[in-house]
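Numbered from 1 within each chain, the chains take letters A, B, ... in sequence-line order.
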Amino acid sequence: MNHPLSLYNTLTRTKEKFEPLQPPFVGLYVCGPTVYGHAHLGHARPYITFDVLRRYLQHVGYKVRYVRNITDVGHLQNDADHGEDKIQKLAKASQLEPMEVVQQFTNSFHQDMARLNVTPPDIEPRASGHIIEQIEMIQEILDNGLAYESNGSVYFDVPAYNQGHNYGKLSGRVIEDLLANTRELEGQEEKRSPLDFALWKKASPTHIMRWSSPWSEGFPGWHLECSAMSRKYLGQQFDIHGGGLDLMFPHHECEIAQSQASHNHTDAARFWVHNNLITINGKKMGKSLGNFITLGELFTGKHELLQQAYSPMTVRFFILQAHYRSTLDFSNEGLQAARKGYLKVMNGLRILDQLQYPTGATAVDAKAEEEIKKLTAELFAPLADDLNTAKAIANLFNLLKKINSMHTGGFKLETISEETFKQMRTEFRTLVQGVLGLKEEQTTDAQALLNVVLGFYKEAKEVKDYAKVDVIRAQLKGQGIVIKDMKTGIDWAYEE
RNA sequence: GGUAACGUGGCCGAGUGGCUAGGCAGAGCUCUGCAAAAGCUCGUACAGCGGUUCGAAUCCGCUCGUUACCUCCA
């Protein structure tokens, strides 16, 4: 298991060589969605990015346990009204059970991910299913003197924690600066310091999502679930924690603090990896800004900003064509270019399947051999350098040119050895399908194709070319389809 | 205001001291019944100004512009 994967670690702000704690096992935790709405293009990015990371780790031989949570107990909405559970708010409005809302959006999320060919995580824990673990964790933090109870709620004591630890180590914040810039928000009188955050919140009488705890009927704080669930399934310390850049502060910072404060004072994860955001007209795409396009809208083209529908693989390719740590700007032009690029790769894949190495070839040319070997070796190399999918795809196109030439005859296959040819074929396929996770999409409509054939059938009948008519009938029958000549026209049926 | 990024050819987007990124769009050529696909060739890009260096898109400084986080958000 010796390979040179380096990853950018937000904790150290440098690229570091990746070494698992217990090779060959790798524990990977990624913050999952809060299921109070349909997933949008911005959501696609981390899940595709970390899907590729997971696939790559597996490709180089690691055994990965990938945990991605579903947050379904609701994040507090900290706007003008005191803080209301988003899921609960929606549930009231539509007269649904909160869990019904959660299930709907969870199903929708799963569907979108499947279409994007994102492999499901190995464990997908729900926050609502881990209330006990979260309560336990709060108790530990209380026992360590780093949290306090206030009117039925429990708050994390940031200044106390900061005495022995470094609150802000991940996001580069300094506690004094944070204090100097704190805004006065309502409903904060229970806190000792404005920086303190809730571990447990006492439920108001109208709040329906509530659980019993030693402190009150209430619900867990909005950073706790990730700490509790990552620990449960990956241990006190694990290898990689991923998520969007916008979660770095406060979410991930709080996660680190909670984890440190509740157990052995070890960092929860050794590598903190953050993907950058998707922008639209240069601005972050986000729920709060209302400038998002859901994946469903993207796939159907039903959104005022969309000139056309973009298939899931187009979206995947679009995202992978940029490095995960750069912002990526949405545009129709960008998506359309991605679509063409994606189709080019798919055409290449088809051609590769058709290529056959000639038997008894003996015209190996050292230069050609070397060239293909080099291009092949360059396919995976960029992924080892902080998962540079953009460069890997660029290298893919460079090899694809040669493959296309092999197909059209400009590049004689026998000028490379069979071994090199097979290696090239395997690596190209593995990169495209196995690691980048690009799959062929059925872009053609079977019914439309059938109509074309029926058109020829009709023409043949009209000119009484019965030989051709018979051939068409026989061929279609071979496909399980029978032609029906009716007075009203030509139709078809499945052969019964 | 604090902190952190970014500014690359028509568009998207890699690259972080010398070696062609790549895709899309555009032009020309080859192939071709026509077309398409494919291949080949082409654009003398690195916000501006100054500095370091034999050499900078890449390092340093300043200026301008954009963004993110600091409040739920992937």
Side-chain angles (χ1 to χ4, degrees), chain A residues 10 13 30-34 36-37 39-50 68 71 74-80 83-86 168 171-174 176-183 185 194-195 197 222-223 242-253 274-279 281-290 292 317-318 320-345 347-348 351 378 382 385 388-411:
Chain A
T10 307
R13 310 265 162 174
V30 173
C31 291
T34 303
Y36 61 83
H40 60 73
L41 180 57
H43 293 102
R45 194 165 198 196
Y47 305 131
I48 287 173
T49 298
F50 291 105
R68 191 185 65 204
T71 294
H75 281 202
L76 279 188
Q77 207 170 19
N78 218 342
D79 47 27
E84 189 172 0
D85 190 307
K86 283 182 177 177
S171 54
R173 307 262 148 170
V174 182
E176 288 76 21
D177 293 345
L178 287 170
L179 280 168
N181 288 296
T182 313
R183 285 194 298 166
L185 294 170
L195 297 183
F197 55 90
W222 49 98
H223 307 301
L245 200 59
D246 51 349
L247 292 178
M248 189 165 76
F249 189 90
H251 184 62
H252 291 158
E253 199 70 68
H274 291 97
N275 62 276
N276 215 317
L277 308 175
I278 287 183
T279 56
N281 295 323
K283 289 243 190 326
K284 169 186 164 180
M285 182 181 287
K287 282 204 172 95
S288 55
L289 296 170
F292 61 91
F317 191 85
F318 175 68
L320 293 179
Q321 241 188 337
H323 187 253
Y324 75 92
R325 284 197 289 118
S326 302
T327 54
L328 172 61
D329 198 50
F330 162 86
S331 69
N332 281 284
E333 294 74 16
L335 261 320
Q336 280 158 15
R339 177 179 162 272
K340 293 197 179 182
Y342 157 71
L343 291 174
K344 195 172 214 169
V345 173
N347 281 330
I351 284 165
E378 283 170 351
D385 183 12
N388 195 335
T389 53
K391 193 161 188 189
I393 288 174
N395 292 349
L396 204 57
F397 281 114
N398 285 332
L399 180 57
L400 183 55
K401 276 195 176 131
K402 301 298 170 195
I403 292 172
N404 280 327
S405 290
M406 291 170 190
H407 181 60
T408 51
F411 192 118

Regarding A:Leu396, tell me which of base, sugar-phosphate or nothing describes its non-hydrogen contacts under 4.0 Å with the strands shown.
nothing
A:Glu253: partners by side-chain hydrogen bond (donor to acceptor under 3.5 Å, both in side chains), with sequence neighbours left out:
A:Ser171
Identify whether any heavy atom of A:Asn398 sits under 4.0 Å from a base atom; if not, whether one sits that close to sugar-phosphate; answer base, sugar-phosphate or nothing.
sugar-phosphate
Using the side-chain hydrogen bond (donor to acceptor under 3.5 Å, both in side chains) criterion, which residues pair with A:Tyr47? Sequence neighbours excluded.
none
Which protein N or O atoms sit under 3.5 Å from an N or O of nucleotides 32-42 of chain B?
{"unit_1": "B:A38", "atom_1": "O3'", "unit_2": "A:Asn404", "atom_2": "ND2", "d": "3.1"}
{"unit_1": "B:G39", "atom_1": "OP1", "unit_2": "A:Asn404", "atom_2": "ND2", "d": "3.2"}

A:Phe318 CZ to B:G13 C1', in whole Å, measures 10 Å
Applying side-chain hydrogen bond (donor to acceptor under 3.5 Å, both in side chains), name anything that partners A:Asn347, two or more places apart in sequence or on another chain.
A:Arg350
Once ring-ring contact (aromatic ring centres under 6.0 Å, His included) is applied, do any residues pair with A:Phe292, and if so which ones, sequence neighbours excluded?
A:His40
Once salt bridge (charged side-chain N to carboxylate O under 4.0 Å, His left out) is applied, do any residues pair with A:Asp385, and if so which ones, sequence neighbours excluded?
A:Lys15
Close N/O contacts between protein and nucleotides 14-19 of chain B (under 3.5 Å):
{"unit_1": "B:A14", "atom_1": "OP1", "unit_2": "A:His323", "atom_2": "N", "d": "2.7"}
{"unit_1": "B:A14", "atom_1": "OP1", "unit_2": "A:Ser326", "atom_2": "OG", "d": "3.0"}
{"unit_1": "B:A14", "atom_1": "O3'", "unit_2": "A:Asn388", "atom_2": "ND2", "d": "3.3"}
{"unit_1": "B:G15", "atom_1": "OP1", "unit_2": "A:Asn388", "atom_2": "ND2", "d": "3.2"}

Residues in side-chain contact (heavy atoms from CB on, under 4.5 Å) with A:Asn388, at least two apart?
A:His323, A:Pro382, A:Ala390, A:Lys391
Within the 4.0 Å heavy-atom criterion, would you say A:Ile278 contacts the bases, only the backbone, or no part of the nucleic acid?
base
Nearest-nucleotide wise, let me know which of A:Ala337 and A:Glu378 is further upstream toward the 5' end of RNA chain B.
A:Glu378
Secondary-structure stems, RNA chain B, at least 3 Watson-Crick or G-U base pairs under 3.5 Å:
B:1-7 with B:64-70, B:10-12 with B:22-24, B:26-30 with B:38-42, B:47-51 with B:59-63
Nearest listed nucleotide, side chain of A:Pro250, among B:C72, B:C24, B:U67:
B:C72
Is there a donor N/O on one and an acceptor N/O on the other, under 3.5 Å, for the side chain of A:Lys284 and the base of B:C73?
yes
List for me each residue that meets side-chain contact (heavy atoms from CB on, under 4.5 Å) alongside A:Thr327, sequence neighbours excluded, and say none if there are none.
A:Asn276, A:Thr279
Does A:Gly410 reach a base, just sugar-phosphate, or nothing at all? Heavy atoms under 4.0 Å.
nothing
Measure NE2/A:His407 against C1'/B:C31 and give the value in whole Å, please.
14 Å
Which nucleotide, B:C70, B:A21, B:A68, lies nearest any side-chain atom of A:Lys283?
B:A68
A:Lys284: partners by salt bridge (charged side-chain N to carboxylate O under 4.0 Å, His left out), with sequence neighbours left out:
A:Asp246
At under 4.0 Å between heavy atoms, what does A:His40 touch on the DNA or RNA strands: base, sugar-phosphate, or nothing?
base
side-chain hydrogen bond (donor to acceptor under 3.5 Å, both in side chains) partners of A:Glu333, counting only residues at least two apart
none
